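Bear in mind that the values here come from a model prediction, so they are computed numbers and not experimental data. Excluded from the calculations below are hydrogen atoms, water molecules and symmetry mates; all remaining heavy atoms, backbone and side chain alike, are included. Position 1 is the first residue of the sequence; numbering continues from there.
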Amino acid sequence: MCFACSPRNPIGLHLQFSLEDGVCRTTFTAGEVHQGWNGCMHGGLIATLLDEVMAQWLWLQGIAGMTAEMTTRFSRPVPVGVPLEVTARQTGGRGRLFELAAEIALPDGQVPVHARAKFLKV
Ligand SMILES: CCCCCCCCCCCC(=O)SCCNC(=O)CCNC(=O)[C@H](O)C(C)(C)COP(=O)(O)OP(=O)(O)OC[C@H]1O[C@@H](n2cnc3c(N)ncnc32)[C@H](O)[C@@H]1OP(=O)(O)O
């Protein structure tokens with residue numbers, strides 16, 4: 001029962017994903033229960049959104065992959081209560097290794113956080 005995407009997980013994020021033109025996409029609005037600092041989304045949960053959208057870039061193409069490495073740049077706080085657009089795309093890779101990048105965009109287009117990761121097909 002995936003914490004990020006299972007509709008049956010009672011404490012999960014219930015994310016839904018689409019893949020179009022090489023971009024995997026989901027949306028999420030953090031609530032007070034997802035805060036770290038007051039008014040700001042918890043960084044670990046931000047990383048979860050980014051990790052999951054990259055994993056789903058693979059999964060929606062029939063590839064089961066596990067995160068082998070991930071770097072996250074937190075440039076600005078992510079506010080709670082606003083709809084976030086979370087996207088991922090491939091940046092490289094060879095063989096079993098897939099290199100992906102993901103970002104979170106605010107409604108005004110600002111990108112407060114982005115990530116890069118390496119996934120290995122399992
Ligand atoms: C129903 C809905 C479901 C929906 C599905 C969605 C699921 C969402 C899950 C979200 C994603 C996650 O969080 S996954 C959970 C977090 N991640 C993990 O727990 C992964 C833990 N790590 C592992 O289990 C393992 O290390 C693996 C599977 C990643 C790799 O192990 P392995 O398969 O044995 O491969 P290994 O021999 O180590 O490496 C193979 C080759 O890749 C290279 N390699 C390994 N790591 C790296 C790296 N970071 N950067 C460069 N290269 C690397 C090695 O040097 C080697 O090169 P060469 O010698 O071949 O040249």
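In the hydrophobic clustering of this structure, M70 groups with I46; members are Ile, Leu, Val, Met, Phe, Trp, Tyr whose side-chain heavy atoms approach within less than 4.5 Å, directly or through other members. Transitive grouping of hydrophobic side chains (ILVMFWY, heavy atoms separated by less than 4.5 Å) keeps V53 and V111 in distinct clusters.
Separating the OG1 atom in T71 from the CG atom in L50 is a distance of 11.5 Å, to the nearest 0.5 Å. The CE atom of M54 sits 10.5 Å away from the OG1 atom of T87 when rounded to the nearest 0.5 Å. Distance check, rounded to the nearest 0.5 Å: CD1 of I11 to CE of M1 gives 10.0 Å.
Using a 4.5 Å heavy-atom cutoff, the side chains of E99 and L97 are in contact. Looking at heavy atoms from C-beta onward, T27 lies out of side-chain contact with L84 at the 4.5 angstrom threshold. Contact of the P112 side chain with the V78 side chain is registered, since non-hydrogen atoms from C-beta on lie closer than 4.5 Å.
Across every non-hydrogen atom of L49 and M41, the tightest pair is CD1-CE, 3.6 Å. Across all non-hydrogen atoms, the minimal contact from T48 to A4 is CG2-CB, 4.4 Å. Residues E52 and C2 come closest through the heavy atom pair OE2-SG, 3.8 Å. When every heavy atom of G31 is checked against every heavy atom of V80, the shortest pair comes out as O-CG1, 3.7 Å.
Side-chain atoms of T26 do not come within 3.5 Å of backbone N or O of V86 as any donor-acceptor pair.
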Only distances under 3.5 Å count here; give the side-chain donor-acceptor pairs of residues 14-25 to other protein atoms, sequence neighbours excluded, each with its distance to 0.1 Å.
unit_1: H14; atom_1: NE2; unit_2: N9; atom_2: O; d: 2.6
unit_1: R25; atom_1: NH1; unit_2: E85; atom_2: OE1; d: 3.4
unit_1: R25; atom_1: NH1; unit_2: E85; atom_2: OE2; d: 3.1

Please list, one pair per line, the donor and acceptor atoms closer than 3.5 Å that link side chains of residues 115-122 to other protein atoms, with sequence neighbours excluded.
none

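Residue pairs meeting the ring-ring contact (aromatic ring centres under 6.0 Å, His included) criterion with at least one member in residues 31-84, sequence neighbours excluded: F28-H34.
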